[in-house]
Amino acid sequence: MSPYRTAARAIVVITMLLTYSCFAQEERWERRDQWQNFPRIFSAMDVQEGSVVADVGCREGYLTVRLAGAVGERGTVYGVDIDAEALERLRKNLQETEISNVVAVHSRPDDPLLPDSVLDAIVVVNSYHEFDAYREMLAHFLTALKPGGRLVIVEPAKASSRGDSREAQVAEHRIALHFVLQEVREAGFEIVEALDPFVERAHRSDEMWLLAARKPSEP
Ligand SMILES: C[S@@+](CC[C@H](N)C(=O)[O-])C[C@H]1O[C@@H](n2cnc3c(N)ncnc32)[C@H](O)[C@@H]1O
């Protein structure tokens with residue numbers, strides 16, 4: 001086969017794969033909309049039009065994209081992740097959907113690299129259990145939030161492993177609410193609400209809980 005034909009075939013195959021992966025992601029996100037209850041996450045964050053928020057551990061942006069719509073053109077979403085490839089996929093998604101109010105941040109494992117005292121809310125979904133340096137991350141969240149700003153954490157857990165050690169649960173990509181409640185309190189946050197369970201992940205046979213906390217207001 002001529003080199004031109006080979007190249008043309010390769011282009012057709014790559015285009016088909018890209019189109020398929022695009023549709024596959026759209027379908028995955030639409031399916032997730034049916035159980036994730038992101039509007040309830042946004043109300044726990046107290047998201048308003050014009051809010052400045054961060055999605056830490058955003059991966060390719062399922063929640064970031066939805067937050068961008070909720071805060072509108074006057075608002076800003078920081079999509080934060082330590083994984084450069086995930087951020088590339090986020091940037092591609094933002095380009096394709098013509099979203100311009102998201103700032104992609106390639107962060108460090110112990111620092112989300114967010115600006116000080118400007119955030120109305122930070123959300124962490126299915127990522128907190130991956131933070132090895134969770135104490136440092138919580139300290140940075142406190143610095144990045146405005147007084148009264150919200151921190152909302154949504155994580156998977158399983159009733160049957162609730163009594164296991166933190167390490168054992170994290171190894172299974174889960175963490176029980178009681179560990180995080182204590183860690184968030186110790187970091188200096190006030191608890192606003194805790195829902196356990198919050199939603200069911202039928203496809204994984206487990207549940208997710210939701211914790212909303214607040215940076216104390218200045219006296
Ligand atoms: C299971 S994914 C969840 C992605 C997204 N929140 C969602 O629910 O679709 C966890 C993400 O957290 C990111 N992550 C892990 N540790 C992190 C850290 N210390 N700071 C920022 N992101 C982190 C990973 O790179 C990964 O993209």
Side-chain angles (χ1 to χ4, degrees), residues 21 24-42 44-45 47 53-70 77-94 97 99 102-115 119 121-145 150-158 166-167 169-175 179-180 183-184 187 195 197-204 206-212:
S21 78
Q25 177 187 274
E26 210 173 297
E27 205 184 300
R28 258 199 328 274
W29 284 7
E30 276 173 17
R31 260 188 278 136
R32 187 168 173 183
D33 281 344
Q34 288 167 19
W35 61 265
Q36 184 65 88
N37 198 359
F38 71 84
R40 182 64 180 87
I41 299 177
F42 291 1
M45 294 168 72
V47 171
V53 302
D55 177 12
V56 178
C58 62
R59 203 162 56 185
E60 70 272 12
Y62 166 77
L63 209 65
T64 304
V65 164
R66 281 148 183 76
L67 275 170
V77 184
Y78 291 90
V80 180
D81 209 292
I82 53 171
D83 179 345
E85 281 177 25
L87 284 178
E88 262 322 297
R89 295 200 300 277
L90 169 70
R91 289 195 186 95
K92 192 171 139 278
N93 285 331
L94 297 174
T97 45
I99 290 174
V102 173
V103 180
V105 181
H106 188 194
S107 61
R108 296 205 304 251
D110 61 350
D111 189 343
L113 300 178
L114 290 167
L119 275 101
I122 295 173
V123 68
V124 180
V125 177
N126 196 12
S127 302
Y128 184 91
H129 66 272
E130 293 192 14
F131 297 172
D132 293 330
Y134 58 86
R135 287 193 189 86
E136 290 83 351
M137 291 294 281
L138 288 171
H140 285 297
F141 291 165
L142 205 61
T143 308
L145 286 166
R150 298 280 177 100
L151 169 63
V152 174
I153 303 177
V154 179
E155 287 292 307
K158 208 168 193 171
R166 192 186 198 283
E167 292 70 28
Q169 296 194 30
V170 165
E172 297 289 319
H173 299 283
R174 300 191 180 97
I175 186 164
F179 290 113
V180 186
E183 291 160 6
V184 164
L195 306 176
F198 164 50
V199 289
E200 265 183 44
R201 298 197 304 177
H203 59 295
R204 302 240 174 179
D206 65 8
E207 294 163 343
M208 294 184 107
W209 49 257
L210 177 151
L211 172 63

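First listed ligand is number 1; within each ligand, the first listed atom is number 1. Since we're looking at a predicted model, the values are computed, not measured.
With hydrogens and angles left out, the side-chain atoms of Glu183 and Tyr128 include a donor and acceptor closer than 3.5 Å.
Note on Lys92 versus Glu88: no salt bridge recorded, every NZ/NE/NH1/NH2 to OD/OE distance being 4.0 Å or above. The existence of a salt bridge linking Asp206 and Lys158 is excluded, since no basic side-chain nitrogen approaches an acidic carboxylate oxygen closer than 4.0 Å.
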For ligand 1, what N or O to protein N or O distances fall under 3.5 Å?
residue, atom, partner, partner atom, Å
ligand 1, 6 (N), Gly57, O, 2.7
ligand 1, 6 (N), Val125, O, 2.8
ligand 1, 8 (O), Arg32, NH2, 2.8
ligand 1, 8 (O), Val125, O, 3.4
ligand 1, 9 (O), Arg32, NH1, 2.7
ligand 1, 12 (O), Ser127, OG, 3.2
ligand 1, 19 (N), Pro109, O, 3.1
ligand 1, 25 (O), Asp81, OD1, 2.6
ligand 1, 27 (O), Asp81, OD1, 3.3
ligand 1, 27 (O), Asp81, OD2, 2.7

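Listed for the Asp81 side chain is no donor-acceptor partner under 3.5 Å among the backbone atoms of Leu87.
Using a 30° and 60° split on the angle between ring planes, Phe131 and Phe141 fall in the perpendicular class, above 60°.
In this structure, Arg32 forms a cation-pi arrangement with Tyr62, its terminal cationic atom sitting closer than 6.0 Å to the ring centre and no more than 45° off the ring axis.
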